[in-house]
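Accompanying notes for the structure given below.
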Amino acid sequence: MTRMEQSLVELIPEALLAAGAVAGLLLGAWLPRRRQWLVGVLACAVCGAGAVAAAVLATGPPATAFTGSFAADPVTGTARIVILGSTLLVSLLGLGPLHGHPRQSEFFVLLQLAALGALMLAGAQDLLLLAAAYLLASVPSYVLAGFRKDAPGTEAALKYYVVGALLGVLMLAGITVLYAAGRGSAYPLLRTELPEASAGLTAAGTVLLLAGMLFKAAGVPGHYWLPDAVQGSAAPVAAFLTTVPKIGALAALYRLAAVPFSDTSAGWTELVAVVSAASMTLGNLAAFFQRDVRRLLAYSAISQVGYLLMPVAVAGRDSLAQPALLFYLAAYALTNLGAFAVVCALPRIRTLDGYRGLARHRPALAVSLTVCLLGLVGTPPTAVFLGKLEVFGAALDGGLGWLMVLAAVNTLASLFYYLRWIAPAFAIGPSSGNGHGNGNGEGAGAGNEVPDGAGDPGGPFAPDERTAPAAAVAVAAAALSLLLGPAAGPVLAVLDGPLAG
């Protein structure tokens with residue numbers, strides 16, 4: 001097998017996703033509107049096949065593709081499986097609400113392209129490829145945020161684009177500085193050259209590069225776009241934005257910490273630790289009194305970035321960092337998508353009070369919501385509980401005991417706003433409102449996603465054929481979160497291993 005052929009084999013999951021996007025675009029141009037759902041089915045099939053291919057490739061030894069610019073190792077393999085699995089779930093969430101939509105095929109094409117960008121972020125081992133992956137992950141996401149083409153969606157897309165463009169330019173400037181300081185862009189070369197380069201140049205390039213990656217991860221200070229984008233975009237898009245780009249960005253940050261920045265004096269550990277502390281604390285504080293369920297989940301996602309950055313801060317200093325990060329990413333993706341699936345299954349409800357009585361009308365959804373929200377806290381035996389234990393252990397062993405204590409305090413504090421959502425769901429009394437408002441005193445028009453102006457004849461909890469896939473995803477995600485927790489031991493053993501290159 002030639003080197004080119006070997007490189008193509010290592011990129012089978014990415015090639016499948018790219019081919020699926022192209023095929024979906026062509027199918028959408030020729031299929032009648034009533035059969036556009038086939039593009040969604042194709043997207044689900046491609047994501048499933050890609051995840052299987054990624055699992056098979058993950059059993060092999062670490063390797064690189066295209067002269068070392070792309071790495072295939074445990075970090076890439078895990079990120080592939082989680083990203084493709086998450087994209088599959090988001091595709092299922094979109095099948096019902098988008099059925100018959102005039103731009104249904106474009107939605108699934110954009111979804112696959114944005115996921116492809118996240119995959120490339122996770123495996124990038126060259127600064128130039130990292131920049132290209134950043135753009136590929138960003139541009140389709142901007143379009144997805146404004147997909148509904150209404151006022152909130154347009155505002156969401158605009159804020160998302162402006163912040164992304166600004167921090168993207170800073171990231172490119174950082175890449176330029178690091179290229180000059182390290183006399184190259186390949187990570188192995190930078191690992192050798194950056195310790196000998198100017199400390200000022202290296203520090204400046206590191207900060208600028210980190211700014212762009214924190215935008216993709218939705219961590220402080222690049223988090224400002226997320227609450228408005230999540231609130232204004234369609235619910236499946238909101239689920240995607242809070243999950244998939246974050247996985248790719250955090251995998252990329254871990255690789256940067258473990259390879260090019262591992263031996264520099266740029267203060268990576270201290271810088272990332274401060275960002276981690278700020279993200280978990282500010283995200284929690286902002287979520288305390290949110291009434292809109294999407295904004296609550298958005299701020300929850302920001303706080304979760306803080307926990308996920310803890311193993312990134314100690315990358316290369318503690319052997320627990322890599323398996324802890326990868327396991328937490330998988331656990332978070334499942335749990336967060338499960339919570340958003342409940343939101344997708346109840347599109348008429350926007351506020352916490354609107355969920356009053358959910359357990360009486362839709363007990364399966366109420367239980368799924370409870371499992372996912374308590375899972376985000378880190379309640380045993382959910383997967384996030386084991387993930388947090390590993391992350392806390394990595395931070396403590398890496399010399400960041402103060403950060404572990406702060407994370408434990410934030411974990412306890414987060415229980416407050418998750419219980420503010422769970423309590424109404426199991427309350428017996430009737431709701432004090434229809435739950436259509438957006439939680440900030442605005443009307444329902446900004447977020448009403450009921451197609452064709454449909455009324456509310458069966459109540460806000462009435463099952464609907466368009467929301468049936470979302471309800472199934474919610475139950476499945478909650479069940480998998482519970483199953484993944486007890487299976488943490490064998491899974492963590494698989495996630496450990498050397499990086500490629």
Is any side-chain heavy atom of [X] less than 4.5 Å from a side-chain heavy atom of [Y]?
X	Y	result
Leu17	Glu14	no
Leu325	Leu308	yes
Pro469	Leu93	no
Thr64	Phe70	no
Leu297	Val230	no
Leu329	Tyr254	no
Ser86	Leu337	yes
Tyr328	Gln304	yes

Can you tell me if [X] uses its side chain to pair, donor with acceptor, with the backbone of [Y] under 3.5 Å?
X	Y	result
Arg420	Gln290	yes
Ser91	Ala43	no
Thr154	Asp150	yes
Arg80	Pro13	no
Ser481	Ala477	no
Asn336	Tyr332	no
Thr243	Phe240	no
Thr242	Ala301	no

Next item on the list: Take Leu309 and Leu253 through the test side-chain contact (heavy atoms from CB on, under 4.5 Å) and record every step on the way to the result.
Entry: CA-CA 9 Å; Leu309 284 172; Leu253 281 171; 4.0 Å; yes
Closest heavy-atom contact between [X] and [Y]?
X	Y	answer
Leu95	Cys44	CD1-SG, 4.3 Å
Val391	Ala324	N-CB, 3.9 Å
Ala287	Tyr299	CB-CB, 3.7 Å
Pro227	Tyr224	CD-O, 3.6 Å
Ala235	Cys344	CB-SG, 3.4 Å
Ala229	Ala156	CA-CB, 3.5 Å

So, taking the atom named [atom1] in [X] and the one named [atom2] in [Y], what distance separates them when rounded to the nearest 0.5 Å?
X	Y	atom1	atom2	result
Gln112	Phe107	CD	CZ	10.5 Å
Leu110	Tyr142	CG	OH	13.5 Å
Gln322	Asp73	CD	CG	7.0 Å
Leu57	Ile81	CG	CD1	9.5 Å
Arg255	Thr76	CZ	OG1	4.0 Å
Leu296	Arg291	CG	CZ	12.0 Å

Next item on the list: Mark yes when over 12 heavy atoms from residues, nucleotides or ligands other than Phe66 sit less than 6.0 Å from its CZ; otherwise mark no.
Entry: yes
Checklist line | Heavy-atom neighbours of Tyr161 OH exceed 12 at 6.0 Å | finding: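 Not more than 12 within 6.0 Å, no.
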Notebook entry, point to check: Taking the six-membered ring of Tyr307 as reference, does the NZ or CZ atom of Lys388 fall below 6.0 Å from its centre and within a 45° cone about the axis?
Noted result: yes
Pair [X], [Y]: side-chain N/O donor-acceptor within cut-off below 3.5 Å:
X	Y	answer
Ser138	Lys216	yes
Gln36	Ser105	yes
Thr467	Asp464	no
Gln231	Arg294	no

Check: Between Tyr418, Phe385, Tyr417, which is the residue that forms a side-chain contact (heavy atoms from CB on, under 4.5 Å) with Val377?
Finding: Tyr418
Next item on the list: Evaluate the criterion ring pair (Phe, Tyr, Trp, His ring centres under 6.0 Å) for residue pair His101 and Phe147; output intermediate values, then yes/no.
Entry: CA-CA 11 Å; His101 194 283; Phe147 189 79; 5.3 Å; yes
Margin query: Could you walk me through whether Leu42 and Leu38 satisfy the side-chain contact (heavy atoms from CB on, under 4.5 Å) test, starting with their C-alpha distance in whole Å, then the side-chain angles of each, then the deciding distance to 0.1 Å, before giving a yes or no?
Written below: CA-CA 6 Å; Leu42 174 64; Leu38 291 172; over 6 Å; no
Next item on the list: Would you sort out whether Leu113 and Phe108 count as a side-chain contact (heavy atoms from CB on, under 4.5 Å), showing the intermediate values?
Entry: CA-CA 9 Å; Leu113 291 175; Phe108 294 105; over 6 Å; no
Next item on the list: Would you please indicate yes or no on a ring centroid separation below 6.0 angstrom for Phe215 and Tyr160?
Entry: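 Yes.
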Next item on the list: I would like to know whether Ile302 and Met280 meet side-chain contact (heavy atoms from CB on, under 4.5 Å); could you show each step before the answer?
Entry: CA-CA 7 Å; Ile302 294 169; Met280 66 176 73; over 6 Å; no
